[in-house]
> 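Sharing a structure with you now.
Because the structure is a prediction, the values reported are computed rather than measured.
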Amino acid sequence: MTKLLEVNVLKKHFPLKSDLFGGTKGFVYALDGVTFDLAKGETLSIVGESGCGKSTLGKTVLRLVEPTDGEIWLDGERIDNIPSGQLRQMRRRVQVVFQDPFSSLNPRQRVRDIIGEPIVNFGLAHGSELEDRVAALMDKVRLPRDAMHRFPHEFSGGQRQRICIARALAPGADLIICDEAVSALDVSVKAQIVNLLSDLQDELGLALLFISHDLAIVEHLTHRVAVMYLGKIVELADRAILFSTPHHPYTRALLSAVPVPDPTVKRQRIILTGDVPSPINPPSGCRFHTRCPYVFDRCRVEEPVLRKTGVAGQVSACHLDVVPDA
Ligand code: SF4
């Protein structure tokens, strides 16, 4: 498949300012060498606990925060180093849907203007053609056309998220970053939005970077999954492989907490001890070593790199070739 997005050794270190003289007294290592790619029409999910860096990753790809180091390529064009004034074309192709649809919609704008705004801003249509485009986008996200004259507060949470999706599609985006886009919704509404995204992907060939802490949702939507821990990807695999034969101990612990719909199947819960270490001062060696049930001496001093596990399409950053069952 043709690569749409390539991210190479991406870093984002937020400086910690000292109160006294404004100097830098340290860094938050939010992203610390993240590498992955995303094909046209593919969904890659980024999962991990709160604070692992997954939302910073989305914002950095969007250039809402500037990367500290590394490269971001969109369809063969390097976008991490182009001046902010030249980001317009990239912003047309890469759109975002955030978690809270209410705060990301202007309460004083009608839906027609919300969805139409990017079309107007990019000079794609005006007048009756603009109206037709907005109506077609309402159809795509399965909202009634006459709702385009209403305000955001007149919609449910799920409907508001549909408006956000329509706005993301409006300029003709081919990559949508969904940052916890369904996390705030009720279970049944979540499923509807996930199905909508999946249908839109099939219809339009969209690529989705789906950032979520919810592995149960990810399993129904994604092609591949990248698991992040403290600013790094610790495992990346095809969905079926990650959910059936996870390699990294952290992935296993995350998956053990996912409810199984079949009551006859019992999954042994792996309880991780200790809190997630601070990204200001990440542990030496393997960043997971302070919580890993399989830690041994080498883990404390030598950082494991992502390497093939022997299963096609799976890489894991663990010194163990074979991780024992819990
Ligand atoms: Fe655990 Fe060591 Fe593997 Fe890290 S490298 S996940 S500490 S076994």
Side-chain angles (χ1 to χ4, degrees), residues 4-5 38 40-43 58 62 64 74-75 87-211 217 220-221:
L4 178 65
L5 177 72
L38 175 63
K40 292 181 180 175
E42 185 190 29
T43 301
L62 281 160
L64 297 178
L74 181 70
D75 217 1
L87 284 172
R88 193 173 156 76
Q89 192 55 23
M90 182 280 264
R91 295 250 155 83
R92 193 180 77 73
R93 300 189 63 189
V94 184
Q95 290 283 310
V96 62
V97 176
F98 287 113
Q99 175 174 3
D100 182 357
F102 202 60
S103 65
S104 59
L105 296 173
N106 184 340
R108 286 187 289 276
Q109 271 188 318
R110 293 181 194 275
V111 168
R112 177 192 56 199
D113 300 321
I114 292 170
I115 298 175
E117 195 170 44
I119 300 174
V120 172
N121 284 348
F122 288 107
L124 301 172
H126 53 83
S128 62
E129 195 190 341
L130 172 65
E131 196 90 356
D132 290 346
R133 280 212 190 194
V134 172
L137 286 161
M138 298 284 285
D139 293 346
K140 280 212 188 312
V141 299
R142 296 166 205 157
L143 284 173
R145 288 185 172 203
D146 57 8
M148 73 168 78
H149 303 290
R150 303 198 327 232
F151 291 96
H153 72 267
E154 297 177 72
F155 294 87
S156 67
Q159 288 173 324
R160 284 196 288 262
Q161 205 56 304
R162 289 173 192 266
I163 297 167
C164 293
I165 293 168
R167 181 177 58 184
L169 295 175
D174 40 14
L175 167 61
I176 297 185
I177 298 178
C178 301
D179 187 357
E180 299 283 7
V182 297
S183 301
L185 304 175
D186 292 342
V187 175
S188 61
V189 182
K190 247 181 220 187
Q192 290 168 13
I193 299 295
V194 164
N195 289 338
L196 173 66
L197 286 168
S198 183
D199 292 347
L200 289 171
Q201 179 170 58
D202 290 345
E203 187 185 335
L204 304 171
L206 287 174
L208 300 174
L209 190 63
F210 194 81
I211 295 165
I217 282 291
H220 293 288
L221 175 79

> How many angstroms lie between atom CZ of Arg110 and atom CD of Glu154, to the nearest 0.5 angstrom?
8.0 Å
> For Leu124 and Glu129, which heavy atoms make the closest approach, and how far apart are they?
O-OE2, 4.2 Å
> Could you measure the distance from the CG atom of Asp75 to the CE atom of Met90? Nearest 0.5 Å is fine.
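Atom-to-atom, Asp75:CG and Met90:CE are 13.0 Å apart.
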> Do Val134 and Val111 touch side chain to side chain, with heavy atoms closer than 4.5 Å?
no
> Decide yes or no for Leu105 and Arg167: does some side-chain heavy atom of the first lie under 4.5 Å from some side-chain heavy atom of the second?
yes
> Who passes side chain to side chain donor-acceptor pair (under 3.5 Å) against Arg145, sequence neighbours left out?
Asp139
> Within a strict 4.5 Å, meaning less than it, do heavy atoms of the Leu38 and Leu4 side chains meet?
no
> Should Met138 and Asp146 count as side-chain neighbours, where that means a heavy-atom distance under 4.5 Å?
no
> According to salt bridge (charged side-chain N to carboxylate O under 4.0 Å, His left out), does anything in residues 187-202 pair up with another residue at least two apart or in another chain? List the pairs.
Arg142-Asp199, Lys190-Asp214
> Taking CZ in Arg88 as the centre, count heavy atoms belonging to other residues, nucleotides or ligands within less than 6.0 Å. Is the count above 12?
yes
> Arg91 side chain to Leu62 main-chain N or O, any donor-acceptor pair under 3.5 Å?
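It does hold such a pair.
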> Do other residues, nucleotides or ligands put more than 12 heavy atoms under 6.0 Å from the NE2 atom of His220?
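Atom NE2 in His220 is packed in, count exceeds 12.
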> So if I apply the side-chain contact (heavy atoms from CB on, under 4.5 Å) rule between Ile177 and each of Leu208, Val96, Val97, which one comes out positive?
Val96
> So which pairs with a foot in residues 115-125 pass salt bridge (charged side-chain N to carboxylate O under 4.0 Å, His left out), sequence neighbours left out?
none
> What salt bridge (charged side-chain N to carboxylate O under 4.0 Å, His left out) pairs are there with at least one residue in residues 169-182, not counting sequence neighbours?
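Sorted pair list: Lys54-Glu180, Arg93-Asp174.
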> Please report the interatomic distance CD(Gln159) to CD(Gln192), rounded to the nearest 0.5 Å.
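These two atoms lie 9.5 Å from each other.
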> Just wondering, do Val182 and Gln161 contact through their side chains at under 4.5 Å, heavy atoms?
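No. Closest side-chain heavy atoms not under 4.5 Å.
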> Any heavy-atom pair between the side chains of Gln109 and Phe151 that's under 4.5 Å?
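Contact flag for Phe151/Gln109 side chains = no.
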> If you measure from CD1 on Ile115 to CZ on Arg133, what distance do you get to the nearest 0.5 Å?
13.0 Å
> Starting from the C-alpha separation in whole Å, work towards a yes-or-no answer on side-chain contact (heavy atoms from CB on, under 4.5 Å) for Leu206 and Leu169.
CA-CA 9 Å; Leu206 287 174; Leu169 295 175; 3.7 Å; yes
> Hey, what do you get for CZ (Phe155) to CD1 (Ile163), rounding to the nearest 0.5 Å?
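Rounded to the nearest 0.5 Å, the CZ-CD1 separation comes out at 4.0 Å.
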> Are the side chain of Gln95 and the backbone of Ile176 linked by a donor-acceptor contact shorter than 3.5 Å?
no
> Nearest 0.5 angstrom please: Ile119 CD1 to Arg92 CZ, how far?
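Interatomic distance, Ile119 CD1 to Arg92 CZ, rounded to 0.5 Å: 11.5 Å.
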> Side chains of Pro152 and Ile114: does their closest heavy-atom pair fall under 4.5 Å?
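Yes, side chains in contact.
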> May I ask you to test the Ile165-Ile193 pair for a side-chain heavy-atom distance under 4.5 Å?
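The answer is yes, as the side chains (C-beta and beyond) meet within the 4.5 Å cut-off.
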> Who passes side chain to side chain donor-acceptor pair (under 3.5 Å) against Asn106, sequence neighbours left out?
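If we apply the side chain to side chain donor-acceptor pair (under 3.5 Å) test to Asn106, skipping adjacent residues, there are no hits.
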> Quick one: list whatever passes side chain to side chain donor-acceptor pair (under 3.5 Å) with Arg112, sequence neighbours left out.
none
